[in-house]
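All remarks here apply to the structure that follows.
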2 protein chains.
Amino acid sequence: MSNQVRRDVFQAIADPTRRAIIALIALQAMTPNAIAEHFESSRQAVSKHLQILTECDLLRQEQRGREIYYQLEIDKMKEIDKWLNQFRKIWETRFNQLDEVLATIKSMGK
Amino acid sequence: MSNQVRRDVFQAIADPTRRAIIALIALQAMTPNAIAEHFESSRQAVSKHLQILTECDLLRQEQRGREIYYQLEIDKMKEIDKWLNQFRKIWETRFNQLDEVLATIKSMGK
DNA sequence: TATAAACGCAATCATTCGGTTGCGCAACTT
DNA sequence: AAGTTGCGCAACCGAATGATTGCGTTTATA
């Protein structure tokens, strides 16, 4: 099920729990148990989310004794930001584009 | 199945086809048939994606005769950008901290 | 008016998802 | 050495997902 399926960042952040996990450990690395305490979910459920997040390089593991600290790979978040860039251009020149679209639709109606 | 399920923007952009649709109609409104021609998927499959995207207000319909033009609601995209803001702070801070460290190292060399 | 085109909707199906339970294995603790 | 803790892994289950197929309705066209 969660084998060598190349995980996608967008698919990873689709789940609200995973987004919450990301936000939680953004500033400080945490262990699965510590993370699970912040949610209703069981440790195993959280562990699955951590696995998915790790598979797409959003998280990085750091073993310390028998504990594993999960840390956010902040650079990977920029990938989402990069995807948004194409649309950022649009909403920054919002008024010009709106005029253009309206003109296009009007001319198509003829 | 797709009834009163509160749609989520993040869930909506999880699918690669839907992201492609968003990018395709970002600049110009298009009909389902026209959109479907750009993909391998059938019209019905595309139509379902359009429905999902519309349910979370990422798309807006505009009926013209028997055709329906789907247009990107660019403002909704800002919601993703807004979520990214909390992390943007982090990666900018890290960058500044790096600057500080580098400055400190330099001044220590004197 | 008869036909075709554009589209939404419902039923169906295989696959994936998110969760639980149970287990085994290292690594600490007493 | 014996017990406890932290964790991953595999099996399993109900629900959701993405796609197809078959319809019905409205609008345009011959």
Side-chain angles (χ1 to χ4, degrees), chain A residues 1-22 24-25 28-71 105 108-110, chain B residues 1-22 24-25 28-71:
Chain A
M1 50 166 302
S2 60
N3 296 338
Q4 27 264 83
V5 191
R6 244 231 202 246
R7 289 288 176 178
D8 187 51
V9 183
F10 294 95
Q11 194 268 339
I13 63 166
D15 185 82
T17 302
R18 284 199 286 270
R19 286 199 302 278
I21 290 177
I22 290 176
L24 179 63
I25 67 172
Q28 192 168 36
M30 292 176 73
T31 67
N33 269 325
I35 295 170
E37 282 174 8
H38 286 74
F39 300 96
E40 303 285 317
S41 319
S42 67
R43 179 189 60 83
Q44 280 90 341
V46 168
S47 218
K48 268 194 170 185
H49 286 306
L50 293 174
Q51 187 184 329
I52 291 173
L53 290 168
T54 304
E55 277 171 7
C56 69
D57 296 322
L58 267 173
L59 262 49
R60 188 169 22 121
Q61 303 180 345
E62 192 175 324
Q63 187 111 24
R64 227 176 287 171
R66 66 180 163 182
E67 291 182 328
I68 301 179
Y69 283 83
Y70 284 85
Q71 185 173 7
I105 291 177
M108 287 174 85
K110 294 187 177 177
Chain B
M1 51 175 256
S2 63
N3 294 337
Q4 29 257 75
V5 190
R6 259 265 172 87
R7 287 290 174 181
D8 187 51
V9 183
F10 294 94
Q11 194 268 341
I13 65 166
D15 185 83
T17 302
R18 284 199 287 270
R19 287 200 302 279
I21 290 177
I22 291 176
L24 179 63
I25 68 172
Q28 193 168 41
M30 291 177 73
T31 67
N33 269 325
I35 295 171
E37 282 173 9
H38 286 76
F39 301 96
E40 303 285 317
S41 318
S42 66
R43 179 190 60 83
Q44 280 89 342
V46 168
S47 218
K48 267 196 171 184
H49 286 307
L50 293 174
Q51 187 185 329
I52 291 173
L53 290 169
T54 304
E55 276 171 9
C56 69
D57 297 322
L58 267 173
L59 261 50
R60 189 170 22 121
Q61 303 179 344
E62 193 173 325
Q63 187 111 24
R64 294 186 61 82
R66 67 179 163 180
E67 291 181 330
I68 300 179
Y69 283 84
Y70 285 85
Q71 186 174 3

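Given the structure is predicted, the values throughout are model-derived calculations rather than measurements. Just the heavy atoms: all of them, side chains too, but no hydrogens, waters or symmetry mates, feed the values below.
Atom CD of B:Glu67 is separated from atom C1' of D:dT27 by 10 Å (rounded to the nearest Å). We find that CZ of A:Arg64 is positioned 18 Å from C1' of C:dA26, with the value rounded to whole Å. For the pair A:Gln63 CD and C:dA27 C1', the computed distance is 9 Å after rounding to whole Å. In this structure, B:Ile13 atom CD1 and D:dT17 atom P are separated by 15 Å, rounded to whole Å. Between the NZ atom of B:Lys48 and the P atom of D:dT17 there is a distance of 10 Å, given to the nearest Å. As a whole-Å value, the separation of A:Glu62 CD from D:dC7 C1' is 16 Å. Spacing between atom CZ of B:Arg19 and atom C1' of D:dG18 amounts to 15 Å, rounded to whole angstrom units. Taking atom CG on A:Asp8 and atom C1' on C:dC17, their separation rounds to 15 Å, with Å as the unit.
For the pair B:Ser47 and C:dG8, the criterion of a side-chain N or O lying under 4.0 Å from OP1 or OP2 is met. Put simply, B:His49 has no side-chain N or O that comes within less than 4.0 Å of OP1 or OP2 on D:dT17. Dashed line: the shortest gap from a side-chain N or O of A:Asn33 to OP1 or OP2 of D:dT5 is not under 4.0 Å. Proximity of A:Ser42 to the phosphate of C:dT20: a side-chain N or O atom is located under 4.0 Å from OP1 or OP2. Note on B:Tyr70: a side-chain N or O is less than 4.0 Å away from OP1 or OP2 of C:dG8.
Of all nucleotides listed (D:dG18, C:dG18, C:dA5), C:dA5 comes nearest to the side chain of B:Arg66. Distances from the side chain of B:Ile68 to the nucleotides C:dC7, D:dT20, C:dT20 place C:dC7 closest. Distance from the side chain of B:Gln44 is smallest to C:dC9 among D:dC9, C:dC7, C:dC9.
Between A:Lys48 and A:Asp15, no side-chain nitrogen of the basic residue sits less than 4.0 Å from a carboxylate oxygen of the acidic one, so the salt-bridge criterion is not met. Using a 4.0 Å cut-off between charged side-chain N and carboxylate O, A:Arg64 and A:Glu62 make a salt bridge.
Scanning all heavy atoms of the two residues, the minimum distance from A:Ala14 to B:Gln11 falls at CB-CA, 4.1 Å. Taking each heavy atom of B:Ala29 and B:Gln71 in turn, the nearest pair found is CB-CB, 4.0 Å.
Mapping B:Gln61 and A:Ala45 onto DNA chain C by nearest heavy atom places B:Gln61 at the nucleotide closer to the 5' end. Along DNA chain C, the nucleotide nearest A:Arg43 and the nucleotide nearest A:Thr17 are compared for position; the residue whose nucleotide lies closer to the 5' end is A:Thr17.
For the residue pair B:Tyr69 and B:Gln61, no side-chain donor N or O sits within less than 3.5 Å of a side-chain acceptor on the partner.
Contacts of A:Arg18 with the nucleic acid, taken as non-hydrogen atoms under 4.0 Å apart, involve only primed sugar atoms and P, OP1 or OP2. At the heavy-atom level, A:Thr31 lies under 4.0 Å from the strands shown only through sugar-phosphate atoms. Across all strands, B:Gln11 comes closer than 4.0 Å only to sugar-phosphate atoms, never to a base (heavy-atom distances).
Rounded to the nearest 0.5 angstrom, A:Ile25 CD1 and A:His38 NE2 are separated by 11.5 Å.
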